[in-house]
Structures are given as C-alpha cells and as structure tokens.
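Atoms within each ligand, like the ligands themselves, are counted from 1 in listed order. For reference, positions follow the sequence shown, starting with 1.
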Amino acid sequence: MTVYDDLVGQGPVIGQLEAAARAGADVLAGAGGGGMTHAWLFTGPPGSGRSVAARAFAAALLCPDLGCGHCVSCHQVLSGTHADVEVVRPAGLSYGVRETRELVLRAASSPTGGRWRVVLFEDADRSTEQAANALLKAIEEPPARTVWLLCAPSPDDLVVTIRSRCRLVTLRTPPADAVADVLVRRDDIDPDVAAEAARAAQGHIGRARRLATDEEARRRRAEVLAVPSRLTGLGPAVEAAEALVKAAEAEAKAAGAELDAAETAALRQALGESAKGRMPRGTAGALKELEDRQKSRTTRMKRDALDRALLDLASYYRDLLAVQLGADVALVNAERARELRAYRGTPEATLQRLEAIMTCRERLEANVNPQLAVEAMTMALRTG
Ligand SMILES: [Zn+2]
C-alpha cells in the first residue's frame, strides 16, 4: 500500500510525484540536487482525481518514507487532520481576496513537523482576480518550507502569471476498465454493475461510484437519456427544457439542504446557542455569513447538476455519431444501441446537435438564465 493507491489509471503522474517527493527529501537532508518546486498545478478533467493526487503528494512530502500510506503522518494527511497541511475548498462560486490574504499568512508559518507546510488549494480557478493577485505574490516569493498545490480543470483556468510559476501535473481521464476495477476491488460492487457504471460515468470515478450504488442517480440519468427521443416538436422541447432544469435544481437543493443543516447546527452550537434555541447577542453576523456561503454553494451545485445532465446528453449524441459513421468504438450507452440505430438523421445534423449542447454549457458557465439556455438547446435538438 502507498499513498497513491487511490489514483486510478495515472501511472505517469505517480512516477512524476514519486520523483518529486524524493527530490524534496534530498532538499530536507541537505543533499541539494534539483531542489524543490514550491508551486504545483494539478490539472485534469472532473473526476480524474486532481485533489486525490495533490493530497497523495502532500502525504508523500511529509512522510519519512516518501508516502508509505500507513504511518501516522500519512494517515493524518489522508484523513485531513495533519497540522502542516491546509486544504482549501472554496464552497461557493468564488474565493475572495480577504480569505486568500489570511491563507497566505498562515502558509508562511514554519511546519510543526519539521518538513514542509503544504497548502492544497482545490478549485483554484474559482479565485477572484484580486485573490489570484494575492496568491501570486505568495507563489513568487515562497518561504523555504512552504509548498502550494493548486488544482484546476486545465492550465488555462488560471491566470498565466500563476500558471507559469507552477510545475504542471497533468491527470488524464482514467479508462473505463480501470474505474470498474476499482469499484469491484474497493467498493465490493458486482463486476457487471461496475462495468456499466464506469462506462456511463466516462472516466469520472466519483460519478461511477454513485451510479453503481445509488438507484436514484441511475433513474435520473435514464430520464436525461430519454430526452432525445421525446423531442419531436416545439411543445415537447419546451417541456423537456423545464424538466431538465427542475430536476437539476431539485437534486442540488436536496444535497445542499443536507449539508446546510449540519453546518448551521454546528455553528449555532459553537456560537453558544441556549437550550431553548436562543442565540447570544452579536452572533447574527456570523450566521448570516454562513447563510450567504451556503446560498452560493447551492447555486454552484445546481449548475454542476445541470452540467452533468448535459454531459450525459452529449454522450447520447456522441454514441449516435459513432453508430451513424459505423465507427468501431464502445458505446457509452450500449443499452440504447437499438434506439440509436433506429434514429433518423445525418452525421452532420448530429454534430450540430452536439455543438448545441456545448454552446449551452458555455452559456450556463457565463451565467445565462438556465431555463433560457437549456430551452435554446432543446429547440436545436428537436427532430420535428
Ligand atoms: Zn507514511
């Protein structure tokens, strides 16, 4: 067992990180060598394991054995309790300048364990411009023992000034059989169920696990995939758009409410809630701040849920294109092969439909009203 066990299908990345952890240990031992890189950027498509890789690297840097996976230090880093590792996970749509400045200050203090102080910044692409500037200063002149691990979908998601100062770690989409293998081995999932979930999730490990274990998630996905065959005219297109948006909202609201309730209860207790549920004076601001952050997070979750539905929809048309072109590739939605073969239309029309989905994703990312963006898409997808 090592700290890299949770990385699926990322052989080259593991090799790179092992070499870097050795170089870091040489620096600590005073052996010199190539020296230590103080800023790293982990990129890869959603679900490929960016933050898993960054966390494993943090553990390797702090482990006397370069990432054995079972010492106290490794356990602490992997479970998120190591004093020298701070994990930053922006809850909402953006990470602000005040938070970043405070983070930079904390990052500059000496490591308690004598090795490195590591800041693992997930979704670093959500930093506001001012926050990115504050971060840049810290990365330009890093304290000798501080290591920044930034995660983002692609290098282009960060401003070039930050990007150019980071060493890149590029994760790839893990192959479906590697994902299925993990589900069987680690989560004890039936091999057939694992294979289908891995295929449907298109390399997103967390999504594959959810599809394999959560019937509701499977049902929602099936509903999305039933959309193309229903788009026979204007009326159905409008209805389908509404259904897609509402389903994503309901999903995000349910998941968000669960998180919110637990957080709010914890904060109220920490602030000194009385047995009768009364709050001490002067605590309203803190509660309001939490509420704002939660709202922002729910917005993000709604957008993510809708995007996931659009990716499922795109997989349908990509399969359709493969069938129309007679390409010899494994279909993501193999269970719909018969329906796909019966679909009437040209490969050109299918390409246009795929494009309509991608345009919709871009619009949503640019904060266009979801109902409007999705309706424009279903209009472009309809066959009648
Ligand atoms: Zn260890």
Side-chain angles (χ1 to χ4, degrees), residues 1-44 47-89 103 106-124 139 142-152 166-172 174 178-179 181-188 205-206 209:
M1 177 187 167
T2 77
V3 286
Y4 302 109
D5 283 0
D6 283 347
L7 275 175
V8 181
Q10 310 291 350
V13 162
I14 293 173
Q16 180 189 9
L17 296 178
E18 281 174 339
R22 269 197 302 277
D26 286 348
V27 170
L28 292 179
M36 182 63 187
T37 304
H38 291 270
W40 296 76
L41 174 56
F42 291 75
T43 69
S48 59
R50 298 185 290 256
S51 58
V52 176
R55 196 181 290 264
F57 185 44
L61 286 173
L62 299 186
C63 169
D65 254 345
L66 303 178
C68 66
H70 45 74
C71 70
V72 173
S73 172
C74 281
H75 271 300
Q76 286 178 339
V77 176
L78 297 177
S79 63
T81 57
H82 199 294
D84 288 334
V85 180
E86 173 154 0
V87 179
V88 180
R89 196 178 291 128
L103 175 68
R106 286 197 302 278
S109 59
S110 310
T112 56
R115 293 179 76 88
W116 306 99
R117 175 166 291 279
V118 182
V119 182
L120 197 176
F121 200 145
E122 294 184 5
D123 302 312
I139 288 175
R145 290 296 182 83
T146 301
V147 182
W148 290 86
L149 309 178
L150 312 180
C151 304
C166 293
R167 236 167 100 189
L168 269 186
V169 179
T170 312
L171 289 107
R172 58 175 188 149
V179 174
D181 189 49
V182 172
L183 295 183
V184 173
R185 218 161 16 87
R186 197 172 319 144
D187 302 298
D188 218 8
I205 300 157
R209 184 170 291 133

Is Asp6 paired with Arg186 through a side-chain N to carboxylate O contact shorter than 4.0 Å? yes
Indicate whether any N or O donor in one side chain lies under 3.5 Å from an N or O acceptor in the other, for Arg50 and Thr43. no
Give a yes or no on whether a salt bridge exists between Asp181 and Arg185, defined as a side-chain N under 4.0 angstrom from a carboxylate O. yes
Sub-3.5 Å donor-acceptor pair from the side chain of Arg145 to the main-chain atoms of Arg115, do we have one? yes
Under 2.8 Å from the Zn ion (ligand 1), the protein N, O or S atoms found are Cys63 SG, Cys68 SG, Cys71 SG, Cys74 SG
Name of the residue among Val119, Val118, Leu78 meeting side-chain contact (heavy atoms from CB on, under 4.5 Å) with Val85: Val118
Taking Asp84 for its side chain and Pro111 for its backbone only, find out whether a donor-acceptor pair lies under 3.5 Å. no
